[in-house]
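Below you'll find the structure, written out as structure tokens, and then a few comments.
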Amino acid sequence: MLLLQTRPLSRGALVAQNSPLLPWGLLAASDSSSASPVAWLMALLFSLILAIYTGPGILGSFSRVRLVGGDHRCEGRVELQQDDEWVTVCDDYWNMDSVAVLCRELGCGAARKTMSGTMYGPVTPKDQKVFIHLFRCNGIEESLSQCEREDAIGCSHDEDAGAVCEAIYTGPGILGPESVRLADGPGRCQGRVEVKFQGEWSSVCQAGWSFAAAKVVCRQLGCGRATLTRRGCNKATQGQGAIWQRKASCSGQEVSLQDCLSEVWEHNCTHNEDVWVECEDPFALKLVGGRSHCEGRLEVLHKGEWGSVCDDGWGQDADRVVCRQLGCGQPLSPPVKVRRRFGPGVGRIWLDDVKCSGKEPSLEQCLHRSWGYHNCNHREDVAVVCEEQQSGLPDA
């Protein structure tokens, strides 16, 4: 810590404490008789402030970059790791040059498009911070840290930056030609965790495994949410081959196990300690009873069974999420009698009290009661009518 003395100093003392930080354009030379002690102290203080706010500084540093919430590790919301926490990036000045640099840094091939970070889930937590700088890249830098920066003022998570790259995997990652699967379960979304490393499938030991890692596996496989991870398999479902020689440390937000921090470790695990994971089936929805896939009674798939959705709490924002997820246009607001023409459903009512912000990429990420809990009947089934997306081709 620098301590500044406020008592008068002689000119000789001032010259002896000459510093390269002093802004010589603001002061006369060191032998000037007009430089007072107060002026020198003010200049020194100004120099320190200038160094903090114009240099990269501690506040503007970051150690890693990632994309979160996309279909693969080369697509999603842009996040930087700063002092052991992940922060988002404001989309002011964020453009294809910025995406090109980011894709290059991640080893993901060419830049494809810029996207709003709000399009990707999981939704950004409200208490997550926004990086204090904006990036001004010219597209030829090797990493975002080499781009020019400006202070970011007043950015919210509605302005989070996103990116889509080619998804070419050039880095070795923690799994090499990487792969993961759930083996010996009733379907591809339940089973014993196995990873493919150097051409060989290996079981994963319970030591160091977490529910956060199970979330990543479910996401990587394109399954629904993780519901269970069990440390240990019964004899019928134990592995018989190698056991993975790495330990993954996941936050649960990563797109794949490759994105988790990992370390090589020596273990004495046996197949009694193989990890088992269960995920929900992939989330799917459809509109039935209409003239096209863009209108009809809403049905969602859960545990292999289609069921309807109750209209309690349903609104235009939820319509918007459904239309977007189906690749249709904007939601319409037809009269009630038009919605009723699609008829009531039969069988399960899977969801009730659904509340969406309208920005969710999937209806699954909207708030709702637990699956199968409701106080409705089929006269309250949700129906949605969307504009049909035009192909953009000229008329013949």
Side-chain angles (χ1 to χ4, degrees), residues 64 66-76 106-109 122 165-284 301 303-304:
R64 294 177 62 204
R66 69 181 182 184
L67 293 173
V68 174
D71 292 334
H72 46 76
R73 76 174 189 91
C74 295
E75 173 187 359
L106 292 175
C108 287
C165 312
E166 266 185 341
I168 296 177
Y169 294 87
T170 58
I174 65 175
L175 299 179
E178 73 165 28
S179 189
V180 62
R181 70 183 181 187
L182 297 177
D184 292 334
R188 72 177 188 87
C189 292
Q190 297 182 31
R192 183 182 65 256
V193 181
E194 291 189 348
V195 297
K196 192 174 186 180
F197 182 67
Q198 296 180 344
E200 181 180 25
W201 285 102
S202 304
S203 299
V204 176
C205 180
Q206 65 176 0
W209 188 257
S210 65
F211 190 70
K215 289 182 178 180
V216 177
V217 168
C218 294
R219 183 176 301 120
Q220 184 171 354
L221 292 175
C223 299
R225 299 173 182 175
T227 58
L228 172 71
T229 185
R230 189 166 62 234
R231 299 185 175 189
C233 296
N234 59 43
K235 288 189 178 296
T237 57
Q238 289 175 10
Q240 297 180 352
I243 297 177
W244 198 34
Q245 297 290 323
R246 286 181 178 266
K247 179 169 63 175
S249 177
C250 304
S251 70
Q253 305 296 315
E254 296 85 356
V255 175
S256 71
L257 281 181
Q258 184 184 21
D259 298 321
C260 298
L261 297 175
S262 73
E263 58 180 311
V264 178
W265 64 306
E266 295 295 331
H267 65 77
N268 58 356
C269 298
T270 68
H271 285 297
N272 291 329
E273 302 167 276
D274 288 345
V275 169
W276 180 275
V277 165
E278 295 184 5
C279 320
E280 292 181 346
D281 289 328
F283 182 80
L301 182 65
K303 293 185 176 179

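Treat the numbers as computed from the prediction; the structure is a model and nothing was measured.
In this structure, Glu194 CD and Arg181 CZ are separated by 4.5 Å, a value rounded to the nearest 0.5 Å. Taken to the nearest 0.5 Å, the OG1 atom of Thr270 stands 6.5 Å off from the CD1 atom of Ile243. Taking OG1 of Thr227 as the reference point, atom NZ of Lys215 lies at 12.0 Å (rounded to 0.5 Å). Rounding to the nearest 0.5 Å places CG of Leu257 at 6.0 Å from CH2 of Trp244. Atom SG of Cys205 is separated from atom CG of Asn268 by 8.0 Å, given to the nearest 0.5 angstrom. We find the CH2-SG distance between Trp209 and Cys250 to be 6.5 Å, quoted to the nearest 0.5 Å.
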Exercise. Hey, mind stepping through Val275 and Thr229 against side chain to side chain contact (heavy atoms under 4.5 Å, CB included) and telling me if it holds?
Worked result: CA-CA 7 Å; Val275 169; Thr229 185; 3.7 Å; yes
Problem set entry | Residue pair Asp274, Val204: steps toward the side chain to side chain contact (heavy atoms under 4.5 Å, CB included) verdict | CA-CA 6 Å; Asp274 288 345; Val204 176; over 6 Å; no
Exercise. Going through the distances and angles, do Arg64 and Leu261 end up as a side chain to side chain contact (heavy atoms under 4.5 Å, CB included)?
Worked result: CA-CA 11 Å; Arg64 294 177 62 204; Leu261 297 175; 3.3 Å; yes
For this session: Decide yes or no on side chain to side chain contact (heavy atoms under 4.5 Å, CB included) for Arg188 and Leu182, but give the supporting numbers first.
Result: CA-CA 6 Å; Arg188 72 177 188 87; Leu182 297 177; over 6 Å; no
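With hydrogens and angles ignored, the 3.5 Å screen pairs no side-chain donor or acceptor of Gln190 with any backbone N or O of Val277. Within the 3.5 Å criterion, the main-chain N or O of His271 finds no donor-acceptor partner in the side chain of Glu273.
Side-chain contact between Phe211 and Leu228 is absent, with no heavy atoms from C-beta onward closer than 4.5 Å. Put simply, the side chain of Gln238 reaches to within 4.5 Å of the side chain of Asn272, judged on heavy atoms.
Scanning both residues, Cys260 and Ala248, for their nearest heavy atoms gives CB-CB, 4.3 Å. Contact between Gln253 and Val68 at its shortest, heavy atoms only, is O-CG1, 3.7 Å. Nearest heavy atoms, Ser203 versus Gly239: OG-CA, 3.8 Å.
The salt bridge (Lys or Arg N to Asp or Glu O under 4.0 Å) search around Asp184 returns Arg192, not counting sequence neighbours. Judged as a side chain to side chain donor-acceptor pair (under 3.5 Å), and not counting sequence neighbours, the contacts of Glu278 are Trp276. For Asp281, there are no side chain to side chain donor-acceptor pair (under 3.5 Å) partners at least two apart in sequence or on another chain.
For the cysteines Cys74 and Cys165, the sulfur (SG) atoms lie at a distance of at least 2.5 angstrom from each other. If you check the gamma sulfurs of Cys189 and Cys223, they are less than 2.5 Å from each other.
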